[in-house]
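As the structure lists them, so they are numbered: ligands from 1, and atoms in each ligand from 1. These numbers were taken from a predicted model, which means no experiment stands behind them.
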Amino acid sequence: MDEARLKIAVQKVGRLTEPSLELLARCGLQLSRGKDQLFAYGENMPLDVLFVRDDDIPDLVREDVCDLGLVGLNVLEERRLALGGRCASLESLRSLEFGRCRLSLAVPKEFRYRGVRALAGLRIATTYPQLLERYLRERDVAAQIVRLSGSVEIAPRLGRADLICDLVSTGSTLEANHLTEVETVLQSHAVLIRTPLPLPPPKAEWVERILKRIDGVQQVRESKYIMLHAPRAALGEIRRLLPGSEAPTIIPLEGSTDRVAVHAVCRENVFWETLESLKKAGASALLVLPVEKMLA
Ligand code: ATP
Ligand code: ZN
């Protein structure tokens with residue numbers, strides 16, 4: 001493999017695969033990828049993708065097989081706790097907006113939940129024993145952790161556990177298994193991690209460029225470009241109404257002394273209610289456009 005190229009580990013098949021590839025595409029990366037390949041070549045950037053199981057990503061990055069990785073905070077934290085003091089280096093560079101979920105405690109419908117302290121002596125099934133252990137230890141609860149490698153949600157019905165600690169996003173899987181969520185152990189989302197080893201300058205520069213692009217991608221998601229006409233006298237009120245905008249551009253209108261055009265980037269979504277308020281304040285010819293790219 002080419003040592004001058006960055007390697008990023010991405011989940012092969014699963015919830016993180018598509019949003020990870022979409023993020024890289026939005027950062028400008030074009031990949032050539034054959035069917036079922038474990039590797040995709042970056043055609044226009046010195047960045048290649050390695051497709052692996054998500055659980056392997058922290059170690060691939062920690063052991064410097066890959067320079068970067070996209071993985072759930074839940075997987076990263078579990079691995080970090082399992083490694084103890086040996087992994088101060090497993091650090092997340094960026095929090096990303098996808099892969100949102102939470103690691104939660106859930107009890108069977110008929111269970112009478114009376115708070116975490118009342119869980120002492122009970123069996124809790126999970127694939128995240130480290131995170132659960134820390135949660136229980138911090139609350140001084142002596143419960144028994146039943147380590148499973150999957151299908152945690154059916155453990156109570158099989159009589160293997162009294163309750164579970166598992167990942168939840170919509171809650172429909174819990175519902176289907178007659179379970180009720182009672183506590184959040186960890187709020188999670190995808191993160192970008194990097195190798196603890198220093199990178200040679202060309203690679204380090206590319207990491208910096210990619211980070212800037214990721215920031216740009218995350219910023220524009222909600223951002224809008226807004227254009228409108230307004231009476232000069234109403235400018236103060238209109239600026240106040242523009243959601244999350246920096247100094248707008250004010251342009252004189254041909255043939256008018258008291259009306260100007262206002263152009264501004266809004267860092268938050270612009271809702272109909274905002275447009276209606278702007279109109280009430282005297283604005284007209286309102287136009288809201290999506291922002292495609294942004295570079296600070
Ligand atoms: P593999 O180990 O084969 O790569 P997996 O079964 O561990 O796959 P997925 O179920 O695809 O992986 O989940 C990958 C990550 O997606 C999780 O670690 C978590 O960070 C995130 N995620 C988001 N929502 C959920 C959810 N509802 N259930 C499970 N994971 C979720
Ligand atoms: Zn996994």
Q: Assess His189 for proximity to ligand 1: is some non-hydrogen atom of it under 4.0 Å away?
A: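 Contact absent.
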Q: If you draw a 6.0 Å radius around CD in Glu97, do more than 12 non-hydrogen atoms from other residues or ligands fall strictly inside?
A: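 More than 12 within 6.0 Å, yes.
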Q: Who gets closest to atom 23 (C) of ligand 1 by heavy atom: Gly14, Ser188, Cys101?
A: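 Minimum heavy-atom distance to atom 23 (C) of ligand 1 goes to Cys101.
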Q: Answer yes or no: are there more than 12 heavy-atom neighbours, outside Glu43 itself, under 6.0 Å from its atom CD?
A: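 Yes, because the 6.0 Å sphere around CD of Glu43 holds more than 12 heavy atoms from other groups.
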Q: Could you identify the N, O or S atom of Asp55 positioned closest to the Zn ion (ligand 2)?
A: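 Looking at Asp55, the N, O or S atom with the least distance to the Zn ion (ligand 2) is OD1.
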Q: Can you tell me which residue and heavy atom of the protein come closest to atom 27 (N) of ligand 1, and the distance to 0.1 Å?
A: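 Of every protein heavy atom, Ser169 OG, 2.7 Å lies nearest to atom 27 (N) of ligand 1.
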Q: Within the 4.0 Å heavy-atom shell around Leu16, which atoms of ligand 1 are there?
A: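 Ligand 1 atoms under the 4.0 Å threshold to Leu16: 15 (C), 16 (O).
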Q: Which of these, Arg53, Gln11, Arg15, has its nearest heavy atom closest to atom 5 (P) of ligand 1?
A: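 Residue with the shortest heavy-atom distance to the ligand atom: Gln11.
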Q: What protein heavy atom sits nearest atom 20 (O) of ligand 1, and how far away is it?
A: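 Result: Asn74 OD1, 2.7 Å.
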Q: Does the side chain to side chain donor-acceptor pair (under 3.5 Å) test come out yes or no for Asp67 and Thr195, once each step is laid out?
A: CA-CA 5 Å; Asp67 308 288; Thr195 168; 5.7 Å; no
Q: Which is it for Tyr128 and Glu77 under the side chain to side chain donor-acceptor pair (under 3.5 Å) test, yes or no, and what are the steps along the way?
A: CA-CA 10 Å; Tyr128 292 90; Glu77 289 292 296; over 6 Å; no
Q: Checking side-chain hydrogen bond (donor to acceptor under 3.5 Å, both in side chains) between Ser104 and each of Gln187, Glu183, Glu181, which is the one that passes?
A: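 Only one option passes, and that is Glu181.
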Q: May I ask which of Asp56, Asp54, Leu167, Val52 has a heavy atom nearer to atom 14 (C) of ligand 1 than the others do?
A: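 It is Asp54 whose heavy atom sits nearest to atom 14 (C) of ligand 1.
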Q: With heavy atoms of Gly72 as the reference, note each atom of ligand 1 found under 4.0 Å away.
A: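 In order of number, 20 (O).
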Q: Using a strict 4.0 Å threshold on nitrogen-to-oxygen distance, state whether Arg123 and Asp162 make a salt bridge.
A: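 Salt bridge flag = yes for Asp162 with Arg123.
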Q: Using a 4.0 Å cutoff against the non-hydrogen atoms of Val75, which atoms of ligand 1 qualify?
A: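 Counting from 1, the qualifying ligand atoms are 18 (O).
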Q: Test side chain to side chain donor-acceptor pair (under 3.5 Å) on Arg259 and Ser284; report intermediate values, then the result.
A: CA-CA 10 Å; Arg259 287 183 79 77; Ser284 61; 2.7 Å; yes
Q: With a cut-off of 4.0 Å, which atoms of ligand 1 are near a heavy atom of Arg100?
A: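 Taking each heavy atom of Arg100 in turn, ligand 1 has 23 (C), 24 (N) under 4.0 Å.
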Q: Would you name the N/O/S atom of Asp54 that lies closest to the Zn ion (ligand 2)?
A: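 Closest N, O or S atom of Asp54 to the Zn ion (ligand 2): OD1.
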Q: Could you list which atoms of ligand 1 come closer than 4.0 Å to a heavy atom of Asp55?
A: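 Answer for ligand 1: 2 (O), 7 (O).
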Q: Taking C-beta and beyond as the side chain, do Glu175 and Lys109 meet within less than 4.5 Å on heavy atoms?
A: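 SC-SC contact between Glu175 and Lys109 confirmed.
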Q: State, to 0.1 Å, how close Leu96 and Gln218 come at their nearest heavy-atom pair, and which atoms those are.
A: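 Looking at all heavy atoms of both residues, the closest pair is CA-OE1, 3.5 Å.
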